[in-house]
Every structure is written in C-alpha cells, then in structure tokens.
Amino acid sequence: GAVVSQHPSWVICKSGTSVKIECRSLDFQATTMFWYRQFPKQSLMLMATSNEGSKATYEQGVEKDKFLINHASLTLSTLTVTSAHPEDSSFYICSARSGGGRQGISSYNEQFFGPGTRLTVL
Amino acid sequence: EDKVVQSPLSLVVHEGDTVTLNCSYEVTNFRSLLWYKQEKKAPTFLFMLTSSGIEKKSGRLSSILDKKELFSILNITATQTGDSAIYLCASLNTGTASKLTFGTGTRLQVTL
C-alpha cells in the first residue's frame, strides 16, 4: 500500500508556542489530505480537508486561525497549531488520497493514514 | 449531522472466542462503510462495504452491511491476543469531498 509519513511523531511544547506538523505522501501524489484529531479513548474527528493549491475546508467548530493548514505541493501538507494550549494536546493524524493516479479499492480513492503525531502542550 | 455509533464500547474476551462488533450509521449521501483496526498508531484498513448483504472475508475476519437497517457488523472468529486493538468503522459519503465520519470505536482486549 501507499506510505504516508508524519513528522514529528511526538512533540512537547510550552503553552503559547506554535507547533508545525508535516504530512507527506511518499510514493504517490495526494491531491487531497485530511487532518484528524483523536483525544484519548475517543474516535478520530475530522478537522479539515485540504486540496493542493487551495484553501482548506474546516469542519464545524474547528478554528481555522488556530489550526493553519497548508497544502503547497502534491506530497506535502502541514498543520500548524498556533498559540497552543494544554487543551490542544491530542493525537493528530493525517491521511492522504490520490487524485486518480493511484486507485485503491473498487475505484474508490482510498485514504492512506499517517502514523500520527502526539502533541503535548505543557 | 452525520453520526456513526459503535457498540460495545469495549469488550474483553478469551483467546479462541468469537466476537461481533456493531456499527450503526445515520449519514446523508452515504456511499460505503469502512472498517479499520487501530493499534498504537494510525488506523489500518480492513474492509470497505458498499453493497448490502455481501459478506467480505479476510482470514478470521468478516463483515457485512445492511443498508436497509443502516448497520454493519464485524466478526472475528478464533480470536488471538494480536487482535487486541480499537476497531473503528467509518462512513464514506459521496461527492468530491469523500469524507470519512468515524464511529466511537470498540476497544477489544483478547486475554489468554
């Protein structure tokens, strides 16, 4: 299957600082990338959908000025948590989906998940 | 608002038991139902179900979708300790966004 990497895998930062998380598709071009957040013992919650070269679409309740998403190339999307607070501590997972060049199952462009980034804000 | 609910929330079984995990959904523009296994990191894909009543099988795991009653089940037979994980189901909608809406997850623990 396709490989998606995330960097860093874990990060600890002080309250008020900004943290950037990278999501890369290593062997395919991802026209769409998704960012999820997962709190302990809870499910994945979609935060935003980003398409290469355009602005991200944020889910209801997600502050776009706090969670900045940039999808500048077909293999890289970044999520920046600005002015992080302890309540932002969570597991952030990205997924990447090709635009048709790489098919998954039954013509559905499968989402391939990254390994996640655990953010702890002190 | 799209909703996906799983039950039970958690389950402890002995190795060798058979388990059934449930997933119900209320989703507009429904296309497919997907099952994932999540251990310590990101989810790994198990099944995608689009048609009602057609069982998909992979080894000891199988799954089926009922589009009339809006639910799916995931069966694991002869469970092993390596099956211990969180099992997530997710609905996939139609359209260009093709978003996944995840359920609450079922935490399965298989003991010796």
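Hydrogens, waters and symmetry mates play no part in the numbers below; they use all other heavy atoms, side chains included. Chain identifiers are assigned alphabetically (A, B, ...) following the order of the sequence lines, protein sequences preceding nucleic acid strands; residue numbering begins at 1 within each chain.
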[X], [Y]: one ILVMFWY side-chain cluster at the under-4.5 Å cut-off?
X        : Y       : result
B:Phe102 : B:Ile86 : yes
B:Leu21  : B:Val4  : yes
B:Tyr36  : A:Leu44 : yes
B:Phe47  : B:Ile64 : no
B:Trp35  : B:Tyr25 : yes

In this structure, are over 12 heavy atoms from other groups packed under 6.0 Å from [X] atom [atom1]?
X       : atom1 : value
B:Lys3  : NZ    : no
A:His85 : NE2   : yes
B:Glu55 : CD    : yes

Closest non-hydrogen atom pair, A:Phe113 against B:Ala42: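 Smallest interatomic distance, heavy atoms only, reads CB-CB, 3.8 Å.
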A:Phe112/B:Phe45 aromatic ring centres below 6.0 Å: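 Here the rings of B:Phe45 and A:Phe112 have centres that are no less than 6.0 Å from each other.
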Residue among A:Glu59, A:Gln6, A:Gln42 with most heavy-atom pairs under 4.5 Å to chain B: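 Top count of heavy-atom pairs under 4.5 Å with chain B: A:Glu59.
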Interchain contact, B:Gln6 with chain A, by part (heavy-atom threshold 4.5 Å):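 Answer is neither: B:Gln6 stays 4.5 Å or more from chain A.
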Interatomic distance, A:Met45 atom CE to B:Thr101 atom OG1 [nearest 0.5 angstrom]: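 These two atoms lie 8.5 Å from each other.
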Contact check, side chains of B:Leu100 and A:Tyr36, non-hydrogen atoms, under 4.5 Å: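 Answer yes - side chains close enough.
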B:Leu34/A:Gln111 under side-chain contact (heavy atoms from CB on, under 4.5 Å): CA gap, chis, key distance, verdict: CA-CA 11 Å; B:Leu34 289 82; A:Gln111 287 185 34; over 6 Å; no
Polar side chain donor-acceptor pair, A:Gln60 to B:Glu1, under 3.5 angstrom: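 Per modelled atom types, A:Gln60 and B:Glu1 side chains form no pair under 3.5 Å.
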Region of A:Ile93 that comes under 4.5 Å of a non-hydrogen atom in chain B: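 Interface part for A:Ile93: side chain.
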Test side-chain contact (heavy atoms from CB on, under 4.5 Å) applied to A:Leu46 and B:Lys99, step by step: CA-CA 8 Å; A:Leu46 180 65; B:Lys99 295 193 304 186; 3.5 Å; yes
Residue, of B:Ser10, B:Ser32, B:Pro43, B:Gly105, that accumulates the most heavy atom pairs under 4.5 Å with chain A: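 Ranked by heavy-atom pairs under 4.5 Å with chain A, first place is B:Pro43.
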